[in-house]
*Asks:* 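A single structure is presented below for examination.
Predicted, not measured: the structure shown is a model, and the values here were computed from it. In the text below, chain A, chain B and the rest are named by the order of the sequence lines, each starting its count at 1. Excluded from the calculations below are hydrogen atoms, water molecules and symmetry mates; all remaining heavy atoms, backbone and side chain alike, are included.
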Number of protein chains: 2
Amino acid sequence: MPNARAHLEEAKELWVVEDDALYRKTISSLLHDVEGIHCDHAFGRCEDALRALDTEPAPDVILMDLGLPGMNGIEGTRKVREISPATRVIILTIHEDNEKIFDALCAGASGYLLKSSPPDEIERAMMEVLKGGAPINAQIARKMLAMFTHLTGPRNPSLLTQREREILKGMVDGLTKKQIAEQLILSYHTIDTHIKNIYAKLQVHTRGGAVAKALNDHLL
Amino acid sequence: MPNARAHLEEAKELWVVEDDALYRKTISSLLHDVEGIHCDHAFGRCEDALRALDTEPAPDVILMDLGLPGMNGIEGTRKVREISPATRVIILTIHEDNEKIFDALCAGASGYLLKSSPPDEIERAMMEVLKGGAPINAQIARKMLAMFTHLTGPRNPSLLTQREREILKGMVDGLTKKQIAEQLILSYHTIDTHIKNIYAKLQVHTRGGAVAKALNDHLL
DNA sequence: CGTGAAATACCGCAAATACGGTATTGAATC
DNA sequence: GATTCAATACCGTATTTGCGGTATTTCACG
């Protein structure tokens, strides 16, 4: 490795995008001297950081604020990941609302910290993300968990009977009544009656509605 | 507060469920003396802990292993949360596979740590969970994130045209062709043709299959 | 022991669907 | 300027569906 600074040969490049000048200075000086991290780029606007990506080698990690003038941090994260997929983005913000968290993670962020976090958590997070982890503040993780369990849904299998679930499964798989009957070794008429009952329970009148409810409410 | 131990008045009760006797001793002695934590119950089996829940005041936090003899930690977590919803369960295990993580979190775990975590991370996690957070190991969080983005899906809206998506949306909502036509102010025949094309693109032959693909692949 | 719910089976028919065609228009791409 | 493609529209028909009935068996629960 043709690098004179032997003790820094593994130094990872870090950029900071943060509009508040004071906090920007604080955070970059905090991380500047940490061993293994090299931080000498700090931007006040997403656009500036993106422009820099065109001319300079992409950093390993970007600490990204969300509430920025001009392009917001979520859009910025998306753009960064388009230009340089290897660069990991850690969100560092004061926003705790579910939508922001959700959008940021979907935009490709690898971590989510709060500005209220103690400095050592931020430093730890840097290390974790370089090891391939996704450092997420415990308060944020709690909200993620809630979203998570919500996404996987209020499992309510008790609404439908075992048999009804099997038939609903067939509908989800795109089978006709006849095919479901064959698969479950039941009469066509039996399937017919069951589907009738399923529709009544789910309060729908079409296959589409039933399948949508099945998947959205995780009834299978 | 009628508690003589003034300096311990806020002490939180912690239980440990861990079958490996050595690790159990290590972890509980590690946490025994931490300020604000009171840990004097450690079980080798889930069943024992559940039985204790019947006769003793429920703890604030339980550190739960997953690979246990008899009832596994996931089932145990579910049971604990049924009996004492206020008790927070932190999973502490060596298992890193997605399914275990997923199931544990769905069962109501508030945190997920790895036994390879340094002791101070475990101690920090205890504190975080008591503050209402969900401490999740960064490696685990990374997997959660992956599941998360997978759940929200590989959005591939380019497969279908805008119009086709609108019609598919109608099918998901359980509308008939006629109703979709009315909603979009199009002819019935137009809807018919579009649905034909949608089926071809999605390689399905029924409404159920189309709706299922739409929701699973997040085509809307 | 009765009662009810689940699973099973059957009938009939109007409505909706799936799918094979063909065809025009406008916008985009080449 | 030609071509591709999305969006629109129409036709015919075999098949499937949705839903109104009725009815039997089985099994759990009070």
*Asks:* Rounded to the nearest Å, what distance is computed from the CE atom of residue Met171(B) to the P atom of nucleotide dA16(C)?
*Replies:* 16 Å

*Asks:* I'd like a table of donor-acceptor pairs (distance under 3.5 Å, sequence neighbours excluded) in which one partner is a side-chain atom from residues 135-146 of chain A, with atom names and distances.
*Replies:*
| residue | atom | partner | partner atom | Å |
| --- | --- | --- | --- | --- |
| Asn137(A) | OD1 | Gln139(A) | N | 2.7 |
| Asn137(A) | OD1 | Ile140(A) | N | 3.3 |
| Asn137(A) | ND2 | Ser117(A) | OG | 3.4 |
| Asn137(A) | ND2 | Glu121(A) | OE2 | 3.3 |
| Arg142(A) | NE | Gly132(B) | O | 2.8 |
| Lys143(A) | NZ | Glu96(A) | O | 3.1 |

*Asks:* Between P on dA5(C) and CG on Asn197(A), what's the gap in Å once rounded to a whole number?
*Replies:* 12 Å

*Asks:* Any N or O donor-acceptor pair under 3.5 Å from the base of dA18(C) to the side chain of Lys177(B)?
*Replies:* yes

*Asks:* Output all residues satisfying salt bridge (charged side-chain N to carboxylate O under 4.0 Å, His left out) with Lys201(A), sequence neighbours left out; order by chain, then residue number.
*Replies:* Glu164(A)

*Asks:* Five pairs at each end of the helix from dC1(C)-dG30(D) to dC30(C)-dG1(D): take the axis at both ends and give me the angle between them to 10°.
*Replies:* 60°

*Asks:* Between Ala212(A) and Val172(B), what is the shortest heavy-atom contact and its length?
*Replies:*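 Minimum heavy-atom separation between Ala212(A) and Val172(B): CB-O, 3.3 Å.
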
*Asks:* Kindly indicate whether the side chain of Leu114(A), heavy atoms from C-beta on, has any atom under 4.5 Å from the side chain of Ile94(A).
*Replies:* no

*Asks:* Could you tell me the separation between the OH atom of Tyr199(B) and the C1' atom of dT16(D), rounded to a whole number of Å?
*Replies:* 11 Å

*Asks:* Could you check how far NZ of Lys178(A) sits from P of dT17(C), rounded to whole Å?
*Replies:*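 One finds 19 Å between P of dT17(C) and NZ of Lys178(A), rounded.
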
*Asks:* Which of residues 206-213 of chain B have a heavy atom under 4.0 Å from DNA chain C?
*Replies:*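 Only Thr206(B), Arg207(B) qualify.
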
*Asks:* Applying side-chain hydrogen bond (donor to acceptor under 3.5 Å, both in side chains) as the test, list every pair that has at least one member in residues 180-195 of chain A; sequence neighbours left out.
*Replies:*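 Matches after skipping sequence neighbours: Lys177(A)-Asp192(A).
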
*Asks:* Could you pull out the closest heavy-atom pair between Ile90(B) and Tyr112(B), with the gap in Å?
*Replies:* CG2-N, 4.5 Å

*Asks:* Do the charged groups of Asp54(B) and Arg51(B) touch, with an N to O distance under 4.0 Å?
*Replies:* no

*Asks:* In whole Å, what is the span from the CD atom of Gln179(B) to the C1' atom of dA16(C)?
*Replies:* 11 Å

*Asks:* Not counting sequence neighbours, list each pair that qualifies as a salt bridge (charged side-chain N to carboxylate O under 4.0 Å, His left out) and has a residue in residues 76-87 of chain A.
*Replies:* Glu75(A)-Arg78(A), Glu75(A)-Lys79(A)

*Asks:* By salt bridge (charged side-chain N to carboxylate O under 4.0 Å, His left out), which residues pair with Lys115(B), not counting sequence neighbours?
*Replies:* Glu18(B), Asp65(B)

*Asks:* Apply side chain to side chain donor-acceptor pair (under 3.5 Å) to Arg207(A) and list each qualifying residue two or more places apart in sequence or on a separate chain.
*Replies:*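 Expected list: none.
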
*Asks:* Find the distance Ile195(A):CD1 to dA7(C):P and express it as a whole number of Å.
*Replies:* 14 Å

*Asks:* Only counting residues at least two apart or in another chain, list the ones meeting salt bridge (charged side-chain N to carboxylate O under 4.0 Å, His left out) with Arg163(B).
*Replies:*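 Applying salt bridge (charged side-chain N to carboxylate O under 4.0 Å, His left out) to Arg163(B) gives Glu166(B).
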
*Asks:* Which atom names give the shortest non-hydrogen contact between Pro69(A) and Asp19(A), and what distance separates them?
*Replies:* CD-CB, 3.5 Å

*Asks:* Can you check the His194(A) NE2 to dC19(D) P distance for me, whole Å?
*Replies:*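 In whole Å, dC19(D) P lies 17 Å from His194(A) NE2.
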
*Asks:* Counting the atoms with a prime plus P, OP1 and OP2 as sugar-phosphate, which does His205(B) contact under 4.0 Å by heavy atoms, base, sugar-phosphate, or nothing?
*Replies:* sugar-phosphate

*Asks:* Let me know the distance between CZ of Arg165(A) and P of dA6(C), rounded to the nearest Å.
*Replies:*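 Result: 12 Å.
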
*Asks:* Kindly state which residues belonging to residues 182-191 of chain B come within less than 4.0 angstrom of DNA chain C, counting heavy atoms of the residue only, listed by number.
*Replies:* Tyr188(B)

*Asks:* Report the residues that fulfil salt bridge (charged side-chain N to carboxylate O under 4.0 Å, His left out) with Asp173(A), sequence neighbours left out, ordered by chain and then residue number.
*Replies:*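 Here the qualifying residues are Lys169(A).
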
*Asks:* In B/S/- notation, 5' to 3', how is nucleotides 20-30 of chain D contacted by protein heavy atoms closer than 4.0 Å?
*Replies:* BB---------

*Asks:* Can you confirm whether His41(B) is buried at NE2, in the sense that more than 12 heavy atoms of other residues, nucleotides or ligands lie under 6.0 Å from that atom?
*Replies:*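 Yes, because the 6.0 Å sphere around NE2 of His41(B) holds more than 12 heavy atoms from other groups.
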
